[in-house]
Amino acid sequence: TVGAVARDAAGHVAAATSTGGLTGKRWGRIGDAPLIGAGTYADDRAAAVSATGAGEYFIREGVAHEICARVRLAGAPLREAADAVMAETRELGGRGGVIVTGPDGETVYSFTTPGMYRGRASAEGARSVGIY
Amino acid sequence: SDWTLLVHGGAGSMTRDTIDAAQDAAARAGLNAALDAGSAVLAGGGSAVDAVEAAVRVLEDDPAFNAGRGAVFTHEGHIELDAAIMDGATRDAGAVAAVTRTRNPVTLARHVMVDSPHVLLAGKGADAFSAEQGIEQIDPAWFATPERRRQLDDMKARKTGSFDVDLKYG
């Protein structure tokens, strides 16, 4: 699965996710990536989120929307919201990760499994790529 | 201007313990190329939704990642692609599932968001909508790579299920 989140100069956020799914998937199985609110969500009032991981668990948790809801309704910081939702998803049995950016430009990686490939860039010239 | 961009690019079963130097270099190059594409949009004053589409298109075209070219195989040996995009300014959203002939599914998802009254289209209908929209179509063989075929063959030989998340081919 691949994805991106961005915050533009006007302060708007967006998210996109794309995937082939699981090797050997059958019966028309669909994961979380194309389900708005599970693997992908963006809301200027909260954040933009793109997810990767065990999709069935991310669907049940509604991971991307749940992170945004905690930010918007409870005032949770992005890091706290993302880590809490990923922890709850892990309790269900699902592992994976999210990338998150807020309308103020804050960025967060949160993941509960190895093999997470990440990149980050900003207007200030910050640039990093890593395999975690 | 003040902008930020993050990308992720899953490469299936590879972790730091199993990835070789060539795979590591390919993954890092792909992530950097995606950052280049998205950053160019944002640095030019473009929108966040334009930037995420641009970045994801690069990753879809890169066979190092499980999306677009380089995507995993279904049990029947086909490739079925899913994608979504969402604009935080308006909460407009578009998504596609199990599409087979669109080179860049994220662009098709954006067309669903902008040019249809719907949010999620799937299967043959989504393929038909893609063609009607004039989005680039491609022979499904273009998505296939020998490594992904090997992984499917390996999974079938092990007689494990596709939801063996520890195997994590995908």
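Residue numbering restarts at 1 for every chain, and letters A, B, ... go by the order of the sequence lines.
For the residue pair A:T101/B:T4, the side-chain donor-acceptor check at 3.5 Å is satisfied. Using a 3.5 Å distance cut-off with no hydrogens or angles, the side chains of B:E147 and B:T145 do not pair a donor with an acceptor. A donor atom on one side chain and an acceptor atom on the other are found under 3.5 Å apart for B:E53 and B:T107.
Put simply, of B:E60, B:H78, B:R28, B:E76, the one with the most heavy-atom pairs under 4.5 Å next to chain A is B:R28. Chain B forms the most heavy-atom pairs under 4.5 Å with one residue out of A:T17, A:T107, A:V5, and that residue is A:V5. Of the listed residues A:G28, A:A33, A:A15, the one with more heavy-atom pairs under 4.5 angstrom with chain B than any other is A:A15. The candidate from B:A67, B:A51, B:A71, B:S47 with the greatest count of non-hydrogen atom pairs under 4.5 Å with chain A is B:A67. Among the candidates B:D24, B:D36, B:L120, the residue making the largest number of heavy-atom pairs closer than 4.5 Å to chain A is B:D36. Options B:L31, B:L35, B:L81, B:V56 differ in how many heavy-atom pairs under 4.5 Å they form with chain A, and the most are formed by B:L35. Contact count versus chain B (heavy atoms, under 4.5 Å) is highest, among A:S128, A:P34, A:G130, for A:P34. Heavy-atom pairs under 4.5 Å with chain B peak, among A:G105, A:G94, A:G53, at A:G105.
The contact list for residues 122-129 of chain B toward chain A, using heavy atoms and a distance under 4.5 Å, is empty. Residues of residues 37-51 of chain A lying under 4.5 angstrom from chain B, judged on non-hydrogen atoms, are A:T40, A:Y41, A:A42, A:D43, A:D44, A:R45, A:S50, A:A51 by number.
Taking all atoms of both residues into account, the shortest heavy-atom contact from A:F58 to A:R95 is CE1-O, 3.7 Å.
Using a 4.5 Å cut-off between heavy atoms, B:V119 contacts chain A through its side chain alone, with no backbone atom that close. Of the two parts of A:A121, the backbone and the side chain both hold a non-hydrogen atom closer than 4.5 Å to a non-hydrogen atom of chain B. Residue contact with chain A, scored on non-hydrogen atoms closer than 4.5 Å, involves the side chain of B:S39 exclusively. With a 4.5 Å cut-off on non-hydrogen atoms, A:V98 does not touch chain B at all. Interface remark: B:V96 contributes backbone atoms only to the contact with chain A (heavy atom separation under 4.5 Å). With a 4.5 angstrom heavy-atom cutoff, B:A89 touches chain A via backbone and side-chain atoms both.
With salt bridges taken as basic N to acidic carboxylate O contacts below 4.0 Å, none links A:R60 and A:E56. Salt-bridge check for A:R7 with B:D2: passed, with a basic side-chain N closer than 4.0 Å to an acidic carboxylate O. We find that A:E61 and A:R90 are not joined by a salt bridge, their nearest charged nitrogen and carboxylate oxygen being 4.0 Å or further apart. One finds no salt bridge joining B:D87 and B:R91 here, because no Lys/Arg side-chain nitrogen approaches an Asp/Glu carboxylate oxygen to under 4.0 Å. Salt bridge B:R110/B:D50: present, at least one basic N to carboxylate O contact under 4.0 Å.
Panel note: side chain B:T102, backbone B:N104; no donor-acceptor pair is recorded below 3.5 Å. Side chain of B:K156 to main chain of A:G24: no donor-acceptor pair is present (N/O by atom type, distance under 3.5 Å, no hydrogens or angles). Judged by distance alone, with hydrogens and angles left aside, the side-chain atoms of B:R148 form no donor-acceptor pair with the main-chain N or O of B:F143 at under 3.5 Å. Judged by distance alone, the side chain of A:D8 and the main-chain N or O of B:A48 form a donor-acceptor pair under 3.5 Å. Distance alone, capped at 3.5 Å, places no donor-acceptor pair between the A:K25 side chain and the A:G31 backbone.
Checking each of B:R101, B:R103, B:R57 against B:E136 for a salt bridge (charged side-chain N to carboxylate O under 4.0 Å, His left out) leaves exactly one that passes, namely B:R103.
B:V49 is listed as a side-chain neighbour of B:I85, based on a closest heavy-atom distance under 4.5 Å.
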